Amino acid sequence: MPEGHTIHRAARDQRPMLVGQALTVASPQGRFHAGAAVLDGQLCTAIDAYGKHLLYRFAADHALHIHLGLFGRFRSSRLPAPEPRGAVRVRLMSGSHVVDINGPNACEVLDAHESAALIARIGPDVLRADADAERAWMRITRSRVAIGQLLMDQSVIAGIGNIYRSEILWRQRIHPATPGTAIKRDGFDRIWADAVHLLAIGVERNAIVTVDAARPSRSRYRERVNIFGKTNCPACAGPIERFELAARRVFACTACQPIL
DNA sequence: TTGATTGTTACCGG
DNA sequence: TCCGGTAACAATCA
């Protein structure tokens, strides 16, 4: 693919499909590990993740921006490349593998200014070494919005999704309906630290695992979370309440997670 | 065929 | 300005 990217038309609609070169490993939350890609003849110099947003950086200050959204998927296979399945928006190829990106929420080439604007509107990413937790704390402690909703706001804190928010708040014994203003500094610190801990496990295992004692690959998905989708609390055996927050279902144990 | 879903953004009204 | 509510969009599977 030395000639760089080629614009195609995806099978099901008029969105452009890019073809480049890459060596890639998918992981949860849309994060990507190291790779190499070519766009317009330019070599990819880095793949950065900011929360759930991915930036494939190229020379000439351009970046391919990918956000998988709720339905986007990476599909990796060995060469020879199979026929694209479904709505493939990007096809990345190496000498031995092909990675198709299906149905991403965002799929666009950004210039330096646009990339900077994107990063600026995303809150501190718990998995980034340069994350500024104080930014998240200031937003939370000044807001009367429920903590379960604030954790879903990617401009407040980036990286946590719908499953992780229920799991983190249960692990830290904080009810999702607790207003941000009622969260103490210690509570915030524990939320942040647990998010760092759990998301790092997610990257390592390529799965959402929030049960401390979860056995490796053998364990089934249901056994990897404490509370999400469950009816009884694994700690006290009491009933789990389920309600909507930020238009998504959230789970909590009223006994273990008192509302402050 | 229907409904649900590991997500985000835009827009409107209070 | 903040906040809640709604809709739109996306792909796949049970």
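Order of the sequence lines fixes the chain letters, A, B, ..., with proteins taken first and strands second; residue numbering starts at 1 for each chain. All heavy atoms count here, side chains included; hydrogens, waters and symmetry mates do not. Predicted model, so just to flag it, every value in this text is computed and none were measured.
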Distance (rounded to the nearest 0.5 Å) between A/Leu198 CG and A/Arg171 CZ: 4.5 Å
Main-chain N/O of A/Cys253 paired to A/Glu241 side chain as donor or acceptor, under 3.5 Å: no
Cationic N near anionic O, under 4.0 Å, A/Asp186 to A/Lys184: no
Sugar-phosphate only, base, or nothing, as touched by A/Arg121 at under 4.0 Å among non-hydrogen atoms: sugar-phosphate
Side chains of A/Ser166 and A/Arg249 in contact at under 4.5 Å (non-hydrogen atoms): no
Distance test, side-chain N/O of A/Gln154 to OP1/OP2 of B/dG7, below 4.0 Å: no
Sugar-phosphate only, base, or nothing, as touched by A/Glu244 at under 4.0 Å among non-hydrogen atoms: nothing
N/O (side chain, A/Ser143) to phosphate O (OP1/OP2, C/dC3) under 4.0 Å: yes
Sugar-phosphate, base or nothing in reach of A/Arg248, heavy atoms under 4.0 Å: base
P spacing across the pair C/dA7 / B/dA4, given as an integer number of angstrom: 15 Å
Short side-chain to backbone donor-acceptor contact, A/Lys230 and A/Pro239, under 3.5 Å: no
Integer-rounded Å distance: C/dC3 P and A/Ile140 CD1: 13 Å
side-chain N/O A/Arg224 vs B/dT6 OP1/OP2, d < 4.0 Å: no
side-chain contact (heavy atoms from CB on, under 4.5 Å) between A/Leu150 and A/Ser143, intermediate numbers included: CA-CA 9 Å; A/Leu150 290 168; A/Ser143 174; 3.8 Å; yes
A/Asn105 CG - B/dG7 P separation (whole Å): 11 Å
Sugar-phosphate, base or nothing in reach of A/Arg75, heavy atoms under 4.0 Å: sugar-phosphate
Whole-Å C1' distance, C/dT6 and B/dT6: 22 Å
Whole-Å gap separating C1' (B/dT8) and OH (A/Tyr50): 19 Å
Complementary nucleotide for C/dA10 - Watson-Crick or wobble, under 3.5 Å: none
Between B/dG7 (P) and A/Arg73 (CZ): distance, integer Å: 11 Å
Distance in angstrom units between A/Leu70 CG and C/dC13 P, rounded: 14 Å
Nearest-angstrom distance from the residue atom CG of A/Asp153 to P of B/dT9: 10 Å
Under-4.0 Å side-chain N/O to phosphate OP1/OP2 contact, A/Lys52 with B/dT6: no
Among B/dT9, C/dT12, B/dT6, the nucleotide that comes nearest once only the side chain of A/His53 is considered: B/dT9
Assigned partner base of B/dT6, Watson-Crick or wobble definition, under 3.5 Å: none
Atom-pair distance (CG on A/Leu245; C1' on C/dG4), nearest Å: 11 Å
Interatomic distance where CD1 belongs to A/Ile160 and P belongs to B/dG7 [whole Å]: 11 Å
A/Asn102 side chain, from C-beta outward: closest of B/dT8, C/dT12, B/dT6: C/dT12
Short side-chain N/O contact to C/dC3 OP1/OP2 from A/Gln149, under 4.0 Å: no
A/Val145 side chain, from C-beta outward: closest of B/dG7, B/dT6, C/dC3: C/dC3
